[in-house]
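Notes follow once the structure below has been shown.
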Amino acid sequence: MTPIEKAKQQVEQAKARYQALLARQNAEERKLDTRRKVILGGLLIDAAGKDERFGRVIDELMKRMTRDHDHKAFEGWQKPEPDKS
C-alpha cells in the first residue's frame, strides 16, 4: 500500500468515525427532547386534574392536532377533571 493509499484509507476511517459520532449525538439529543416532552406532558395532565385552567390548555392543544395518527393515540382517553370539592 502506498503512502497516498494509506492516507486516503485513514481519511475515510476518520470520516466514518465522525459520522458515527454525529449520529450518536443526534440520537442522544432526540432522546433528551422526547424525555422533556414526556415530562412536560405528564406535568400538564397532572395539573389539569388540579386546576381547570390547565384543562382548557389541553382542550386547546387537542384542537391543534391535525394528524389522524395523533388523534388515534387519544382515542378513549379523557383528561382528568379537577376535584370540585
Side-chain angles (χ1 to χ4, degrees):
M1 181 177 288
T2 68
I4 297 269
E5 291 170 331
K6 187 175 181 181
K8 184 176 180 180
Q9 182 183 27
Q10 289 173 338
V11 166
E12 293 302 320
Q13 290 171 343
K15 284 181 184 179
R17 284 192 305 272
Y18 173 73
Q19 290 299 323
L21 287 170
L22 278 180
R24 191 174 309 131
Q25 179 183 3
N26 288 338
E28 287 297 319
E29 288 174 1
R30 284 191 310 275
K31 185 177 174 182
L32 183 57
D33 184 54
T34 298
R35 184 164 187 258
R36 288 177 184 138
K37 290 174 183 176
V38 168
I39 291 168
L40 283 173
L43 289 169
L44 178 60
I45 291 169
D46 182 62
K50 297 173 183 169
D51 186 331
E52 66 184 46
R53 294 176 300 164
F54 293 102
R56 288 193 301 268
V57 169
I58 289 176
D59 291 338
E60 287 301 315
L61 292 173
M62 297 288 281
K63 289 177 189 175
R64 292 182 181 203
M65 270 193 282
T66 57
R67 300 182 324 170
D68 288 338
H69 183 75
D70 294 338
H71 283 282
K72 285 182 181 181
F74 289 93
E75 283 181 3
W77 180 79
Q78 290 189 352
K79 72 175 188 230
E81 296 295 329
D83 187 14
K84 300 286 184 183
S85 50

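Everything numeric here is computed off the predicted structure, so don't read it as measured data.
Listed by chain and number, the hydrophobic cluster partners of V38 come to none, as no ILVMFWY side chain reaches under 4.5 Å of it.
Residue pairs satisfying the salt bridge (Lys or Arg N to Asp or Glu O under 4.0 Å) criterion with at least one member in residues 19-34, sequence neighbours excluded, are listed as follows: D33-K37. Legend: ring-ring contact (aromatic ring centres under 6.0 Å, His included) pairs involving residues 45-76, not counting sequence neighbours, sorted by first then second residue: F74-W77. Applying the side chain to side chain donor-acceptor pair (under 3.5 Å) definition to pairs two or more places apart or across chains, those involving residues 38-47 are D46-K50.
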From CA spacing to verdict: side chain to side chain contact (heavy atoms under 4.5 Å, CB included), R17, K15: CA-CA 5 Å; R17 284 192 305 272; K15 284 181 184 179; over 6 Å; no
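In this structure, CG on D68 lies 11.0 Å from CE on M65, to the nearest 0.5 angstrom. Rounded to the nearest 0.5 Å, atoms CG (L44) and NZ (K79) are 10.0 Å apart.
Across all their heavy atoms, A48 and I58 have their closest contact at CB-CD1, 3.5 Å.
When the side-chain contact (heavy atoms from CB on, under 4.5 Å) test is applied to Q10, the partners found at least two apart in sequence or on another chain are K6. With sequence neighbours left out, R36 forms a side-chain contact (heavy atoms from CB on, under 4.5 Å) with L32.
Residues Q9 and E12 fail the side-chain proximity criterion, which asks for heavy atoms closer than 4.5 Å.
No continuous path of ILVMFWY side-chain contacts below 4.5 Å connects L43 to I45, so the two sit in separate hydrophobic clusters.
For E5 (side chain) and T2 (main-chain N/O), a donor-acceptor pair under 3.5 Å exists by modelled atom type.
Under 4.0 Å is where a charged nitrogen must lie from a carboxylate oxygen, and between R56 and E52 at least one such pair does.
Shown here is L21, whose CG atom has more than 12 heavy atoms of other residues, nucleotides or ligands within 6.0 Å.
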